Visitor: 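Have a look at the structure that comes next, please.
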Amino acid sequence: MERKPGRRDKLEIIYDILKSIQDKRAGKIKPTHLMYKSNLSHQRMKEYVDELKTKQMIQEINEDGQLYFIITDKGHEFLANFKKLREFTEVYGL
Amino acid sequence: MLEEIPTTFFALNSLLEFISVFSAFIISYLSYKAYKFTSEGKYFKFSLAFLLIGLSFIARSIIHSMIYLGYREQSSLLFQFFSDYGILGYIILLLTAYLFVLITNYDVRNKKLVLLLFLLSFITVFNSVHPSLRIFNQISIILLFFVTINLYQVYNSKKTRQSLAVFLSFGLLTVSHVFLLLNNYELTSNIFQQSDTIFGTALRPQVDLFRVIFYLFAHLSQVMAFLGLFLVNMTFLRVRVISKKNKRRK
């Protein structure tokens, strides 16, 4: 089924979240920055963050009382394979 | 009719079917990987569909291997058992798989609609006169035809070699069921009788010959379809292996 143009699916949203964390110079991002970078509402971002934490693709760390998210090896693996995974799902019409 | 086909064909076909099995399992694996990352049900259903396709081909491959090994001539109970339940398993697995492919391709999320599709397909196949392979092939053609239309639209928007290969492969898979349908004696005889006005009765004695040809074409188109999918999938797998090697180097 053709996707509506401009509308991101779950695979792309996960990619955007992980890429936002990876692109940060220190390799860590504050929750508010992640919300803006990944273009999600607070509620939606919380849902995705919880899921990614369960899947061990991101990790929560606390530095000087400030909460940050960092990307794990599993998260890096997803980013490395995203393009091919995207192509795979697209050519099979998924 | 199977008696007229050289037994070496079944040996060759069993070997070639392993390409189809392998190819189906790769698709299943890649789709499962997508499911593991996203937890989206459509990837799981698609993965399950190709797992079932692989298993159905294994069931058929066992029967073909047994024919090659001469179990059919011995009229053994073992062959009878595999022949009866193997075909039944093949129909159930493949029909379920095609339905899952259709559901994921058209993104059908309504559970009642999914149930309706399953009920209509299974009741039609299993309420038909035995053997139900004829109706099964007709239903398969309809399901695969709609999947192929969708994949054509994907190809039209992407215009990539991979999307073309997937579209053509599903087209060939549909064609293989058309050949399997033509393999039916009554149907082919009927078509040949209808063509009497054009060819006279010349074609009538050739019914069995044509059925053998249709049977061979059916298997050939199926193997070609999965060979196409296999080549497409190798491009996805290759990159995965390279990325893992790089990770190890780090």
Side-chain angles (χ1 to χ4, degrees), chain A residues 1-22 27 34 38-40 43-59 69-94, chain B residues 26-27 29-31 33-47 49-50 101-109 146-158 160-167 169-170 229 232-233 235-244 246-247 250:
Chain A
M1 206 65 173
E2 271 300 284
R3 276 183 296 124
K4 284 174 191 167
R7 202 169 158 218
R8 292 180 297 170
D9 68 3
K10 202 170 173 182
L11 210 60
E12 281 164 323
I13 294 172
I14 291 174
Y15 173 81
D16 288 344
I17 293 173
L18 295 174
K19 196 85 176 80
S20 304
I21 305 174
Q22 194 190 44
L34 182 62
S38 56
N39 204 15
L40 288 167
Q43 182 56 33
R44 291 261 285 158
M45 191 200 75
K46 197 183 169 312
E47 285 167 16
Y48 274 102
V49 161
D50 287 343
E51 195 180 325
L52 291 176
K53 277 197 290 186
T54 316
K55 287 183 166 40
Q56 296 171 337
M57 285 157 89
I58 61 169
Q59 224 179 327
F69 294 118
I70 57 165
I71 190 166
T72 63
D73 282 349
K74 215 172 163 191
H76 283 297
E77 190 200 344
F78 174 85
L79 286 176
N81 288 301
F82 171 77
K83 201 166 165 273
K84 285 289 145 188
L85 216 54
R86 173 81 285 173
E87 279 173 26
F88 168 77
T89 57
E90 274 180 356
V91 297
Y92 283 98
L94 297 175
Chain B
I26 293 174
I27 298 172
Y29 165 75
L30 289 169
S31 194
K33 202 81 186 162
Y35 168 71
K36 284 285 273 182
F37 282 131
T38 61
S39 299
E40 273 198 281
K42 63 177 178 180
Y43 298 127
F44 182 74
K45 283 178 205 147
F46 199 69
S47 170
F50 277 88
V101 172
L102 185 87
I103 288 163
T104 48
N105 247 266
Y106 282 87
D107 205 12
V108 184
R109 286 163 195 234
F146 277 89
V147 173
T148 308
I149 288 174
N150 192 42
L151 291 173
Y152 175 71
Q153 285 169 341
V154 170
Y155 163 67
N156 238 354
S157 64
K158 301 281 164 227
T160 60
R161 253 187 267 172
Q162 287 161 325
S163 57
L164 176 67
V166 171
F167 154 63
S169 296
F170 272 85
L229 294 178
V232 170
N233 296 330
T235 62
F236 297 124
L237 271 187
R238 205 178 59 196
V239 174
R240 295 189 60 77
V241 174
I242 291 167
S243 68
K244 279 200 173 167
N246 288 344
K247 204 175 157 188
K250 280 176 196 171

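Quick note on labels: first sequence line is chain A, next is B, and so on, each numbered from 1. Predicted, not measured: the structure shown is a model, and the values here were computed from it.
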Visitor: Tell me, for B:Ile27 versus chain A, whether the close heavy atoms (under 4.5 Å) come from the side chain, the backbone, both or neither.
Guide: both

Visitor: Going from CG on A:Leu94 to CD on B:Glu40, what distance comes out if it is rounded to the nearest 0.5 angstrom?
Guide: 10.0 Å

Visitor: Compare all side-chain heavy atoms of A:Phe88 with those of B:Thr235 and state whether any distance is below 4.5 angstrom.
Guide: no

Visitor: Which residues pass the ring pair (Phe, Tyr, Trp, His ring centres under 6.0 Å) test with B:Tyr155, not counting sequence neighbours?
Guide: none

Visitor: For B:Ile26, enumerate each residue passing the side-chain contact (heavy atoms from CB on, under 4.5 Å) test, keeping only those at least two apart in sequence or located in another chain.
Guide: B:Phe22, B:Leu30, B:Phe230, B:Asn233, B:Met234, B:Leu237

Visitor: So what's closer than 4.5 Å to chain B heavy atoms on A:Leu11: side chain, backbone, both or neither?
Guide: both

Visitor: Side chains of B:Lys33 and A:Lys84, heavy atoms from C-beta outward: is any pair under 4.5 Å?
Guide: no

Visitor: Report which part of B:Phe167 has an atom under 4.5 Å of a heavy atom belonging to chain A: side chain, backbone, both, or neither.
Guide: neither

Visitor: Decide whether A:Lys55 and B:Ser39 meet the rule of one side-chain donor and one side-chain acceptor closer than 3.5 Å.
Guide: yes

Visitor: Measuring only between side-chain heavy atoms, which start at C-beta, is B:Phe37 closer than 4.5 Å to A:Ile14?
Guide: no

Visitor: Would A:Glu87 and B:Lys158 pass as an ion pair if we require N to O under 4.0 Å?
Guide: no

Visitor: Considering only heavy atoms and a distance below 4.5 Å, find which of B:Leu229, B:Val147, B:Val101 pairs most often with chain A.
Guide: B:Leu229

Visitor: How many angstroms lie between OH in A:Tyr92 and OH in B:Tyr43, if you round to the nearest 0.5 Å?
Guide: 14.0 Å

